[in-house]
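Contents: one structure, followed by commentary.
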Amino acid sequence: MAEIRIENAVKTFGKVVAVNQVSLTVHDQEFVVLLGPSGCGKTTLLRAVAGLGMVDSGRIMIGDRDVTYLPPKARDISMVFQGYAIFPHMNVFDNIAFGLRMKRTPKEEIARRVRESAELLHIEEFLERFPSQLSGGQRQRVAVARAIAVHSGVLLMDEPLSNLDALLRLRMRAELKRLLNEIRATTIYVTHDQIEALSMGDRIAVMRSGEILQFDSPTRVYDVPADRFVAGFIGTPPMNFLEGQVRRENGVPCVAIGDFMLAPIPEMYEELARRDGKPILVGIRAENMETLDAPAADALRVKVLVVEPLGSQNLLTIQIGSDVIKASTHPDFAVAANQDVWIRLPGDKIRWIDRETGRTIIPDLESLVSAS
Amino acid sequence: MSSTTTTQAAPVVRRVRVRDLPVEQQRAIRARQLRRAGTYVLAITIAVWIMLPIWLVGTLAFSTPADVRAYPKQAAPIPFSTDTMEFFLNARGVLPATRNSIVVALLTLTLSTAIAAPAGYAVARYFFRGRDAYRLGILAVRAFPIVILAVPLAVTFRNWGIFDRVYSVALMHTALTLPTTILVVSSVFASVPRELEEAAKVFGCNAFEAFLRVVMPLALPGIAASAIFTFVMSWNEVFAAVVLTLENRTLPALILYNLDKSGDPFKFAGGFFMLVPSLIFIFFMRRYLFNMWGQITK
């Protein structure tokens, strides 16, 4: 059992608050991704769990133990560093064996486990080599092999793929996911790459300015972002935002985009009615809009600025009033720049965002955000 | 697959002559050539300026004593002879002084490295109050004139009864070399990534073990170079050695003492003998010196 529980962690560097009252629980054997732009405190939080930077206040529990003030070696963790941090003066075997040797594991057991980890990462033929004789990808594998050889309950990864080239990163992503599924360690994985986060994590904690904005499954984070930042940070392209205004028509709340009236789903009536007359942000993902080449009653007429054929889809850049949004269409949808098209916004795919707070308006928003 | 690629003809590279190019481009190329030539002239001048005396000293150290005394001096050691060197090494006091110099240098090296390693590590790794002031203070020690320091020190040493001892010179040399040694060693430690140390800690080391198993092995070549540097500084130091010793002269002190009493062969052979450790040092040390300056400007 290695559940990680972070309670009200605070860490400041001088006047900068890197981690601000963060609470986070990672279940046993769960794979949680800390995602956020650089400087959001994700690495600081990871290092606090590792014991490489002590929190100013708050508690960190691993399993049933309070490890807040324990040194890294007493925490039963292992870690993959961003720069790999494999020891240049040791060959691959000694690198992988390092943690085991420090624990005074018997020799045969060390040999067995080093071999096992090396095989999992397909580096068994490099055991005699020194790091300087390895490529970046191979070094990365050594770093992971070293981390899993110690069989710790907790595995921490600090942007492990960020130093690899794009193609290698794609391959390692899938491989890491398979591997972590196999070894079943409780894992915290830090990255600023939202695709990595979406594709790998059981749950994603999106961070900004030292706070967790949303902690949820990848599909939920993508589909129902808790606020404007999360919506704009996750997804390629990120979620579109349109300026709208809440009105009341025939006693039913609806949202005006220019002259066009958007009809929300009935579940939203109560929340929207409360904002009658106020401006509101309409959030919708590129792939959730229906593009039509002929007018329809419930479709909005828009002008296409740019067409980007991406193979699997055509990405349209569209102007609506003063907003510019992206819509993806089937590659067969024939349209050229400066042409008019009509788009339909399905009510259940629209996310309504409060103009002032930036929070998504959902009746049960709190359950999305709560980091438990 | 490979056969098809090898049979392909290599593309023909045609040389473009400068005078076929547009005037603007010609001018730019000429200017670049001129600048480059200027750089080379300057570099060669500096190199000759430094190398020439070394070459002359080396030449005369390996010429016959008669050739050394002759005037004008010759430019190459022909005929080659070790007589001059032998004469120097057999001169009275040279061998004991050499032994003294080696003992002083080794003592200095040991003391200086033992003190500088932890100090350099602290400067490189930890942010503590007054770190920059400390770094500056280290350099300030170098700015303090030995002339002023040496005489009171000689008096103090005499009062303590450690005057004219080999290890009293070593103490003085340690004080003199420490600033540079600390700076060099700290730059060596700074070049060991912090992440490696953290990895060691994550995988079961405490701070000391991490230092011993990871930082130290990686820093060792640099520290060795700095130790050699310390050795050479002590080996060459003459002023403190003259003031602090009478009977137990170090080699530079002895040579200086005998300088006006002896002939050219003694001087040239002595000069060459003193020069050798420095030359060896420079070959080992080059890389770390560059590294040091890089670190300090940062």
Side-chain angles (χ1 to χ4, degrees), chain A residues 13-14 43 46-47 49-54 67 70-90 94-105 110 117 130-132 139 142-152 154-160 163, chain B residues 113 117 120-122 124-134 184-227 284 286-288 290-292 294-295 298:
Chain A
F13 296 107
T43 294
L46 187 82
R47 290 171 59 85
V49 176
L52 294 171
M54 210 171 270
V67 300
L70 294 183
K73 60 180 279 192
R75 292 187 178 206
D76 182 34
I77 52 160
S78 67
M79 186 160 172
V80 179
F81 290 83
Q82 184 171 13
Y84 316 145
I86 52 178
F87 306 125
H89 59 300
M90 299 179 192
D94 292 337
N95 261 290
I96 301 176
F98 188 87
L100 298 167
R101 292 219 172 106
M102 291 309 295
K103 284 192 196 161
R104 306 193 191 290
T105 316
I110 292 180
S117 317
F130 280 86
S132 57
R139 284 181 210 186
V142 174
V144 176
R146 178 178 66 180
I148 64 174
V150 291
H151 291 194
S152 62
V154 171
L155 180 57
L156 306 172
M157 303 183 122
D158 187 5
E159 311 222 14
N163 283 337
Chain B
T113 309
Y121 183 77
R125 272 290 188 273
Y126 298 111
F127 292 97
F128 48 88
R129 196 183 290 269
R131 185 176 77 150
D132 291 337
Y134 177 68
V184 174
V185 169
S186 84
S187 89
V188 171
F189 280 130
S191 70
V192 177
R194 195 185 290 260
E195 225 180 32
L196 290 179
E197 216 173 328
E198 290 175 348
K201 285 183 188 169
V202 163
F203 291 105
C205 292
N206 59 33
F208 184 67
E209 286 166 329
F211 179 80
L212 218 61
R213 283 168 184 270
V214 173
V215 181
M216 207 53 197
L218 292 172
L220 215 51
I223 291 177
S226 118
F284 279 106
R286 272 179 311 187
R287 196 151 67 89
Y288 296 98
F290 290 137
N291 203 355
M292 172 168 76
Q295 286 292 336
K298 209 158 114 184

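Naming: A, B, ... by sequence-line order, numbering from 1 per chain.
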Inset, instruction - Please indicate whether Phe128(B) has more than 12 foreign heavy atoms, meaning atoms of other residues, nucleotides or ligands, lying under 6.0 Å from its CZ. - result: yes
Inset, instruction - Heavy-atom distances under 4.5 Å only: say whether Glu197(B) touches chain A with side chain, backbone, both or neither. - result: neither
Inset, instruction - Could you look at Arg101(A) and say if it's the side chain, the backbone, both or neither that has a heavy atom under 4.5 Å from chain B? - result: neither
Legend entry - Closest non-hydrogen atom pair, Val202(B) against Pro72(A): CA-CB, 3.9 Å
Legend entry - Exam field: side chain Glu195(B) to backbone Gly83(A), donor-acceptor pair closer than 3.5 Å: yes
Inset, instruction - Any chance you could measure Met79(A), atom CE, to Lys201(B), atom NZ, to the nearest 0.5 Å? - result: 12.5 Å
Inset, instruction - State, to 0.1 Å, how close Phe87(A) and Leu196(B) come at their nearest heavy-atom pair, and which atoms those are. - result: CE2-O, 3.3 Å
Legend entry - Atom of His89(A), atom of Leu218(B) and distance for their closest heavy-atom approach: ND1-CD2, 3.5 Å
Legend entry - Selection from Ala207(B), Pro193(B), Ala199(B), Pro217(B) maximising heavy-atom pairs under 4.5 Å formed with chain A: Ala199(B)
Legend entry - chain B contact via Ala143(A) - side chain, backbone, both or neither, heavy atoms under 4.5 Å: neither
Inset, instruction - Would you mind checking which part of Arg194(B) comes under 4.5 Å of any heavy atom in chain A, side chain (CB onward), backbone (N, CA, C, O), both or neither? - result: neither
Inset, instruction - Taking the side chain as every heavy atom from C-beta outward, state whether Met102(A) and Glu209(B) have any atom pair closer than 4.5 Å. - result: yes
Inset, instruction - Could you tell me which portion of Ile86(A) (side chain, backbone, both or neither) has an atom closer than 4.5 angstrom to a non-hydrogen atom of chain B? - result: backbone
